[in-house]
Structure formats: structure tokens, C-alpha cells
Q: 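Questions regarding the structure given below will be posed in turn.
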Amino acid sequence: MDADQQRGQLATIVLEEGFELWDVWLRYFAIGGSATEEQFVHYAVGEVQLLPLQRDLISIALREMVLELQEARGVPDTRNRPYRLMDHGE
């Protein structure tokens with residue numbers, strides 16, 4: 001998955017799941033992301049690019065958040081989503 005696809009995934013999931021961008025950044029930062037909140041926001045709106053490792057950490061953070069939301073809603077993880085969550089290393 002290229003950088004633009006990863007950014008698109010971020011936007012799609014944030015909008016469809018109703019996540020706050022700050023919460024995504026916080027999760028990303030908590031698992032080892034190094035971009036500041038400001039850099040993260042600039043990345044999210046397409047103004048800057050992040051390194052592949054940082055983009056992968058965003059994908060991991062998003063995946064964790066979606067799975068937690070599904071569990072809270074009592075929705076089983078069927079892996080049948082309208083978008084594809086990138087696995088680490090893709």
C-alpha cells in the first residue's frame with residue numbers, strides 16, 4: 001500500500017467510525033509513533049509525508065481502535081469491512 005492509499009485509509013476510517021483525529025494520534029504515539037500531533041495533522045490533510053514505519057504505526061493504531069470499537073458494540077470481527085485495514089509490513 002502506498003503513502004496516498006494509507007492516508008486515504010486514515011481519512012476513511014476516521015470519518016466512517018467517528019474517531020477524533022487526536023485520539024488516533026494519541027494511540028499512534030502510545031505505540032511508538034514519533035510524529036508530533038502537529039505533524040500528524042499535517043500528514044492527515046496531505047501537507048507532509050511521513051516515513052513508511054510511521055505510516056505503518058498509524059495503520060496499527062487504526063486497526064486496534066476499530067477492533068476495540070467492534071468489541072464494544074458486540075460486533076464479531078468477520079474481517080468483512082467496507083475498507084481493508086492494512087496489516088503491518090504490507
Q: Is it true that atom CZ of F19 has more than 12 heavy atoms of other residues, nucleotides or ligands lying nearer than 6.0 Å?
A: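 Enclosed: over 12 neighbouring heavy atoms sit under 6.0 Å from CZ of F19.
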
Q: Hey, could you give me the CG/OG distance between L53 and S34, rounded to the nearest 0.5 Å?
A: 7.5 Å

Q: Heavy atoms only: give me the nearest A3-Q49 pair and the separation to one decimal.
A: CB-NE2, 3.2 Å

Q: Name the atoms and distances for all side-chain donor-acceptor pairs under 3.5 Å in residues 40-48, with sequence neighbours left out.
A:
from : atom 1 : to  : atom 2 : distance (Å)
H42  : ND1    : E47 : OE1    : 2.4
Y43  : OH     : R7  : N      : 3.4

Q: Could you go through the side chain to side chain contact (heavy atoms under 4.5 Å, CB included) check for Q6 and I58 one step at a time?
A: CA-CA 9 Å; Q6 283 180 302; I58 293 169; over 6 Å; no

Q: With D2, which residues qualify under salt bridge (charged side-chain N to carboxylate O under 4.0 Å, His left out), at least two apart?
A: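 Result, salt bridge (charged side-chain N to carboxylate O under 4.0 Å, His left out) vs D2: none returned.
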
Q: Give every residue pair that meets the salt bridge (charged side-chain N to carboxylate O under 4.0 Å, His left out) criterion with at least one member in residues 18-39, sequence neighbours excluded.
A: R27-E64, R27-E68

Q: Show your working on side chain to side chain contact (heavy atoms under 4.5 Å, CB included) between R55 and L51 and close with a plain yes or no.
A: CA-CA 6 Å; R55 296 192 316 264; L51 296 172; 5.7 Å; no

Q: Give me the atom names and distance for the closest heavy-atom approach of Q9 to L62.
A: NE2-CD1, 4.2 Å

Q: Please find the pair of heavy atoms, one from A35 and one from L50, that lie closest to each other, and give the distance.
A: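 Scanning both residues completely, I find the closest heavy atoms to be CB-CD2, 4.1 Å.
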
Q: Examine distances only and state if a side-chain atom of Q39 and a backbone atom of T36 form a donor-acceptor pair shorter than 3.5 Å.
A: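 Judged by distance alone, yes, a pair lies under 3.5 Å.
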
Q: Rounded to the nearest 0.5 Å, how far does CD of Q54 lie from OG of S59?
A: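 It is 11.5 Å, given to the nearest 0.5 Å.
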
Q: With a 4.5 Å limit on heavy-atom distance, are the side chains of I60 and Y28 in contact?
A: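 Not in contact.
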
